[in-house]
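One structure below.
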Amino acid sequence: MTAVSSQQLAELKALAGPGAHVEDPAELAASLTEWRGLFRGAAPLLLMPDSTAAVSAILAYCHQQRIAVVPQGGNTGLVGGAIPHSTAERSEILLSARRLNRIRHLDAANYSITAEAGCVLATLQAAAADAGRLFPLSLAAEGSCQLGGNLSTNAGGTAVLRFGTTRELVLGLEVVLPDGRVLDSLRSLRKDNTGYDLKQLFIGAEGTLGFITAASCKLFPQPRQTATAWLAVPDVAAALRLYSAARDSLGDELTAFEFANRCSLAFVIKHIPGSRAPLAADSPWQVLLEVSTARESADTGADLERFLADMLEQGTVTDGMVAASGAQRDALWRLRHSMSEAQKIEGASIKHDISVPVSKVGEFVVRASAWAEAAVPGVRVVAFGHLGDGNVHFNLSQPVGADRSAFLARWDEIAAQIHQIAVDFGGSFSAEHGIGSLKVAELERWRGGTTLELMRAIKAVLDPHGIMNPGKLLRAR
Ligand SMILES: Cc1cc2nc3c(=O)[nH]c(=O)nc-3n(C[C@H](O)[C@H](O)[C@H](O)COP(=O)(O)OP(=O)(O)OC[C@H]3O[C@@H](n4cnc5c(N)ncnc54)[C@H](O)[C@@H]3O)c2cc1C
């Protein structure tokens, strides 16, 4: 692949259609840096076609001309996957889904929605709610991230415990392959045993195998009752006891079980205007627990109150409150959703998105914290995440007054050790954010051998010229 000529740029703009490109550097800037500011890229052109046919024509041309393409959704990814890296010798074009933003069909009776990849997640949630249905995918970036990005990263979020990751919500997919062919598996069927389930290849592929243009996703009954509690627990072991007891006692109505350490909440209170600690006393760990049901006859609030009274009596929980209104519930979720943002404001941080079996979360946190505090004196452990999924965002904020660059320079050394600890507990170095540019070497380290060989073989078959998101997930060849 080489630098794109002005002739090629003109042809690409024509293929995208009128008003479907950005090339002004000032306008392009927002698409060239990611949320945390860790990656800054370059691209001569961003294309924003509004039809599958136009995406197909663009990719067919890029395939033929050997032009690299970086798919981009809402650009909220946290591993640099949507950032292009053009150089003087080699250009990468940004292909944005932002104008592919139609809801094609909502079938309430089939509990499904068919939507284009550029639909913002919050828009999909609202469309489902308007039809009396629930689209359960939910994450802090839902006001900006797009369905195509959610699919390509197999996003997790706060309702995985009950509804699974994005992958588990997908019924069908429409994908434009790197050579411009369209793979149409946009069916809305619960059962369809017709050989290899090809759509699965593109979910979590981070734009390296094709460009997703639309998907059909599952919907669920809209909850009629929701009860949300903020609880203090002395340690992660107690949080785990609480989790097991909640599953036993509240059953499938347990929808979310999030946890956070003291520092995670303290940074939110310090940096996010309008936030207040929900409980009077400070606690080393807190849990945000939510139950919801579509059953009209249920009394979710009373069930939760009874359960919490038991937990307080046993000493598993030391303090707690149940949201008394929708506004209070929103305020509790805002605290949880603001943790990444607050940590960014506090200073540099080295982040890990690990998972371990749920039963091992406590041991992981204890061992990883001890190692980090010894390796980086004064480091502040900011641990929070989706306890019910065994997913810990085990983040380290720089010691107060430390040099930002010197701290960040230790990223690889520290990450290698934290990932090792996760793997020692049977875990993964990448739970929900994916590989992108950030974790290519880690993927090679932990998923070598047959797994990596097969991944490369699949990439070579679908994208023989390596034009799709080169260097992301797999090293460019
Ligand atoms: C505050 C905050 C909280 C977050 N919380 C969570 C969380 O709880 N759980 C979680 O999983 N993630 C979380 N994320 C990460 C991020 O929001 C998700 O990864 C999200 O799914 C990315 O969607 P996007 O549209 O922004 O994708 P982008 O960032 O634009 O792209 C992500 C990847 O997908 C590829 N891609 C995008 N669109 C397409 C397409 N149409 N076809 C093919 N490839 C495509 C890109 O090339 C890139 O590799 C959070 C991020 C932020 C900033």
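Note that the structure is predicted; figures quoted are calculated from it, not measured. Residue numbers start at 1 and run along the sequence shown. First listed ligand is number 1; within each ligand, the first listed atom is number 1.
Under the 3.5 Å distance criterion, with hydrogens and angles disregarded, a donor-acceptor pair is assigned to the side chains of R167 and Q200. Side-chain contact of S216 with S188: a donor-acceptor pair under 3.5 Å is present, judged by distance alone. Looking at T166 and N150, their side chains never bring a donor and an acceptor atom within 3.5 Å of each other. Side-chain contact check for E206 and N469: no donor-acceptor pair (N or O, by modelled atom type) lies under 3.5 Å. Between Q65 and H465, the side chains place no donor N or O within less than 3.5 Å of an acceptor N or O (distance only, hydrogens not considered). For the 3.5 Å distance criterion, the side chains of Q286 and S283 fail to qualify, holding no donor opposite an acceptor. Between the side chains of Q420 and R445, at least one donor N or O lies within less than 3.5 Å of an accepting N or O. Inspection of the T255 and E290 side chains reveals no N or O donor paired with an N or O acceptor under 3.5 Å.
For atom 47 (O) of ligand 1, the closest non-hydrogen atom on the protein side is P71 O, 2.6 Å. Considering only non-hydrogen protein atoms, atom 50 (C) of ligand 1 sits nearest to L78 CD1, 3.8 Å. Here the heavy atom of the protein found nearest to atom 13 (C) of ligand 1 is L139 CD1, 3.6 Å. Among all non-hydrogen protein atoms, the one lying nearest atom 42 (N) of ligand 1 is I212 N, 2.9 Å. If you check which protein heavy atom lies closest to atom 31 (O) of ligand 1, you get A82 CB, 3.7 Å. For atom 39 (C) of ligand 1, the nearest protein heavy atom (residue, atom name, distance) is S152 OG, 3.6 Å. Atom 28 (P) of ligand 1 has its closest protein heavy atom at N75 N, 3.6 Å. Taking atom 17 (O) of ligand 1 as the reference point, the nearest protein heavy-atom neighbour is T76 OG1, 2.7 Å.
At least one N or O atom of G73 sits closer than 3.5 Å to an N or O atom of ligand 1. Checked by distance only, ligand 1 and E432 come closer than 3.5 Å through their nitrogen or oxygen atoms. Residue-to-ligand polar distances keep G210 apart from ligand 1: every N/O pair is separated by 3.5 Å or more. For ligand 1, the polar-atom distance check against G156 finds a nitrogen or oxygen pair separated by under 3.5 Å. Inclusion of E206 in the set of residues having an N or O under 3.5 Å from an N or O of ligand 1 is warranted. Looking at G74 next to ligand 1, an N or O pair under 3.5 Å apart turns up. For the pair G77 and ligand 1, the shortest N or O to N or O distance falls below 3.5 Å.
Only side-chain heavy atoms of H433 come within less than 4.0 Å of ligand 1; its backbone N, CA, C and O stay farther off. Within the 4.0 Å heavy-atom criterion, both parts of N150, backbone and side chain, lie near ligand 1. Under 4.0 Å from ligand 1, the heavy atoms of W35 that appear belong solely to its side chain. Here N469 has side-chain heavy atoms under 4.0 Å from ligand 1, and that is the only part of it that gets that close. Of the heavy atoms in H386, only side-chain atoms (C-beta onward) come closer than 4.0 Å to ligand 1.
Close contacts between ligand 1 and A155 involve ligand atoms 11 (O), 21 (O) [criterion: under 4.0 Å to a heavy atom]. Heavy-atom proximity to G207, at under 4.0 Å, picks out these atoms of ligand 1: 43 (C), 44 (N). Residue-ligand proximity, A141 to ligand 1, at heavy-atom distances under 4.0 Å covers atoms 17 (O), 51 (C), 52 (C). Taking every non-hydrogen atom of G148 and a distance limit under 4.0 Å, the qualifying atoms of ligand 1 come out as 38 (N), 39 (C), 41 (N). Close contacts between ligand 1 and A140 involve ligand atoms 1 (C), 3 (C) [criterion: under 4.0 Å to a heavy atom]. Per-residue contacts place T153 under 4.0 angstrom from the following atoms of ligand 1 (heavy atoms of the residue considered): 19 (O), 20 (C), 21 (O), 32 (C), 33 (C). Near Q146, the atoms of ligand 1 lying under 4.0 angstrom from a non-hydrogen atom of the residue are 24 (P), 25 (O).
Residue contacts with ligand 1 include G157, since one or more of its heavy atoms lies under 4.0 Å from the ligand.
Checking side-chain atoms of T213 against main-chain N and O of E174 turns up a donor-acceptor pair under 3.5 Å. Proximity of a side-chain donor or acceptor of K199 to a complementary backbone N or O of V175 within less than 3.5 Å is not detected.
Salt bridge annotation for K13-E11: absent, with no cationic side-chain nitrogen under 4.0 angstrom from a carboxylate oxygen.
Under the 6.0 Å distance and 45° angle rule, R133 counts as a cation-pi partner of Y111. For the pair K351 and W411, the cation does not sit on the ring face, since its NZ or CZ is not both under 6.0 Å from the ring centre and inside 45° of the axis.
Between H352 and H419, the angle of the ring planes goes over 60°, which puts this pair in the perpendicular group of the 30/60° scheme.
Proximity of the aromatic rings of Y243 and F259 is defined here by a centroid distance below 6.0 angstrom, and this criterion is not met.
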